[in-house]
Amino acid sequence: MTDGSQVGVIFWFLSFVILISGFMVVSLKNIFYCALFLVLCLFSVAGIFILLEAEFLAAAQVLIYVGAVAILMIFAIMLTTDMASKEITQTNENVTVGVFVSVIFAISTILLIDKTSVWRYQDHDFSEGVTVTLGKLLMTKFMLPFELVSVLLLAAMIGAIVLARKERS
Amino acid sequence: MWEIVIISSIKVLLVVVAILTGCAYATYMERKVLGHMQHRIGPLYAGPYGLLQPVADGLKLIFKEDIVPDNVERTTYALAPLLAFVPSLLTFAVVPFAADVDMFGYRITGVISDLNIGILWVFAVTSLGVYGLVLAGWSSGSKYSMLGAIRSSAQMISYEVAYGLSIIGVILIANTFSLREIVEQQASITDWFVFRQPLGFLLFITCAIAETNRAPFDLPEAESELVAGYHTEYSSMRFSTFFISEYANMIAVSSVATTLFFGGWQGPLLPPILWFCIKVFLFMFLYIWLRATFPRFRYDQLMAFGWKVLFPLALLNTIVTAGLVMLTDWL
């Protein structure tokens with residue numbers, strides 16, 4: 001239904017929104033607005049997924065990142081009353097380190113995408129439906145990374161509980 | 001190509017008009033039913049049986065002055081009602097209202113868009129609804145609104161977990177995300193998922209009421225303690241946008257519950273669309289009935305109930321259902 005040029009226009013528009021909102025996240029003074037631009041950024045990424053015909057990933061992106069992760073951040077910002085007020089501004093003291101890390105990350109990602117071929121669309125048989133194939137791949141071929149991520153999440157959860165728990169004296 | 005666009009546009013228009021009318025008359029129904037449950041008679045003077053009351057209310061709200069307090073964040077303040085309203089309408093994009101019909105030589109499906117990720121769409125859109133409340137509460141610059149926003153975000157995140165888990169049983173049995181296929185699998189009353197997933201249904205409807213911020217889970221607005229919570233500082237049409245979105249959310253949840261657990265438009269004799277409306281109407285009645293029956297939860301009770309009762313039960317339901325599905329596949 002959509003031809004190449006339309007997809008191109010939508011892609012550039014979404015990429016533009018992602019970049020601008022991403023820049024806003026790290027540069028705005030009011031941290032609440034930073035969080036809101038992060039939401040816009042994550043939402044546009046879901047749009048890119050839709051463009052790539054990965055509807056499941058798009059829904060998961062909105063459900064998890066926009067619906068849960070970002071709202072938790074906003075919740076935390078609102079709970080720490082000083083941060084929600086207009087007087088407190090965000091100061092970005094780690095600009096140099098930040099730029100360094102993001103450049104390294106960008107270069108390594110580009111190199112990886114260029115070198116790796118296992119996750120390319122045409123390498124897999126999607127006759128059973130994308131979601132089923134994705135689930136099966138996660139449980140067979142990519143079992144180890146999947147489990148590693150689970151362990152990482154578990155560690156983060158335990159860490160959060162330890163931090164949130166009050167000291168018993 | 002153009003036929004598809006025109007047919008889809010007509011369907012969208014019809015659905016939006018139906019939802020907005022439904023919202024208006026849901027307020028009438030709520031006041032009438034609540035009235036009778038409390039030995040009152042409800043609205044009576046505008047039109048026969050007070051039937052024109054929603055029209056009168058709507059006109060009144062349109063002509064009221066739009067008061068914007070001084071210390072609000074203007075952009076987000078204006079954006080919040082829309083962010084609350086739009087997601088409540090988006091849900092209806094994937095809900096199947098009727099069977100397919102052949103009309104004017106075209107096959108017209110009874111759903112605006114039969115996405116293959118239907119259920120996920122519903123939940124993704126539902127999870128966006130909280131932004132309207134949070135933005136309204138934060139940008140109003142009022143402590144009542146702020147408390148309402150904090151409550152709503154905590155409540156909606158907590159209940160969303162069990163909400164999402166409660167329907168995994170249905171997905172496992174149906175083996176599809178498409179709402180249309182789920183309805184088609186419930187052809188006879190014995191196939192209704194409410195009988196195959198009784199615990200799942202109870203969890204779903206409990207969490208759904210919490211997600212739509214209705215009594216007994218209406219802590220974000222709690223009139224008696226928070227002076228209407230997140231929409232304290234809103235007036236005129238902005239207020240009514242919040243008001244409409246609450247009812248649109250109720251209709252959306254009722255529609256999804258009907259589709260997932262009560263066979264959607266399936267039913268004997270009457271036309272499918274009518275069956276759908278009857279089932280949705282019964283859910284709306286349930287909502288009002290619950291409001292008239294139960295007192296509001298205390299905040300710590302609400303959180304404990306969500307995390308310590310609903311969440312483990314939803315996990316249990318998922319594990320048991322998955323086990324049973326595997327067992328029947330294996331046998």
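Below, chains carry the letters A, B, ... as their sequence lines are ordered, and counting in each starts from 1.
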Near [X] [atom1], under 6.0 Å, is it more than 12 heavy atoms from other residues, nucleotides or ligands?
X      : atom1 : result
A:Y65  : OH    : no
B:Y299 : OH    : yes
B:F92  : CZ    : yes

Heavy-atom distances under 4.5 Å only: say whether [X] touches chain B with side chain, backbone, both or neither.
X      : value
A:V132 : neither
A:I71  : both
A:A70  : both

Exercise for the section: Show your reasoning for whether side chain to side chain contact (heavy atoms under 4.5 Å, CB included) applies to A:F43 and B:L128. Expected result: CA-CA 10 Å; A:F43 205 76; B:L128 296 179; 3.8 Å; yes
Exercise for the section: Sort and list the pairs that fulfil ring pair (Phe, Tyr, Trp, His ring centres under 6.0 Å) and have at least one residue in residues 149-178 of chain B, not counting sequence neighbours. Expected result: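 Qualifying pairs, neighbours excluded: B:F123-B:Y163, B:Y159-B:F217, B:Y163-B:F204.
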Check whether any side-chain heavy atom of [X] sits under 4.5 Å from a side-chain heavy atom of [Y], and report yes or no.
X     : Y      : value
A:L36 : B:L135 : yes
A:Y33 : B:T76  : yes
A:F32 : B:V134 : yes

Practice task
Check the pair A:F75, B:V130 against side chain to side chain contact (heavy atoms under 4.5 Å, CB included), reporting the backbone distance first and the verdict last.
Solution key: CA-CA 11 Å; A:F75 182 60; B:V130 66; over 6 Å; no
Can you give each donor-acceptor pair under 3.5 Å made by side-chain atoms of residues 77-91 of chain B, sequence neighbours left out, with the distance rounded to 0.1 Å?
residue, atom, partner, partner atom, Å
B:Y77, OH, B:E233, O, 2.7
B:S88, OG, B:F85, O, 2.4
B:T91, OG1, B:P87, O, 3.4

Handout entry: Residue B:I150 versus chain A: region with a heavy atom under 4.5 Å
Key =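 Contact with chain A is through both the backbone and side chain of B:I150.
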Problem - Side chain B:Y131, main chain A:V66, donor-acceptor under 3.5 Å - result: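 Checked: pair present.
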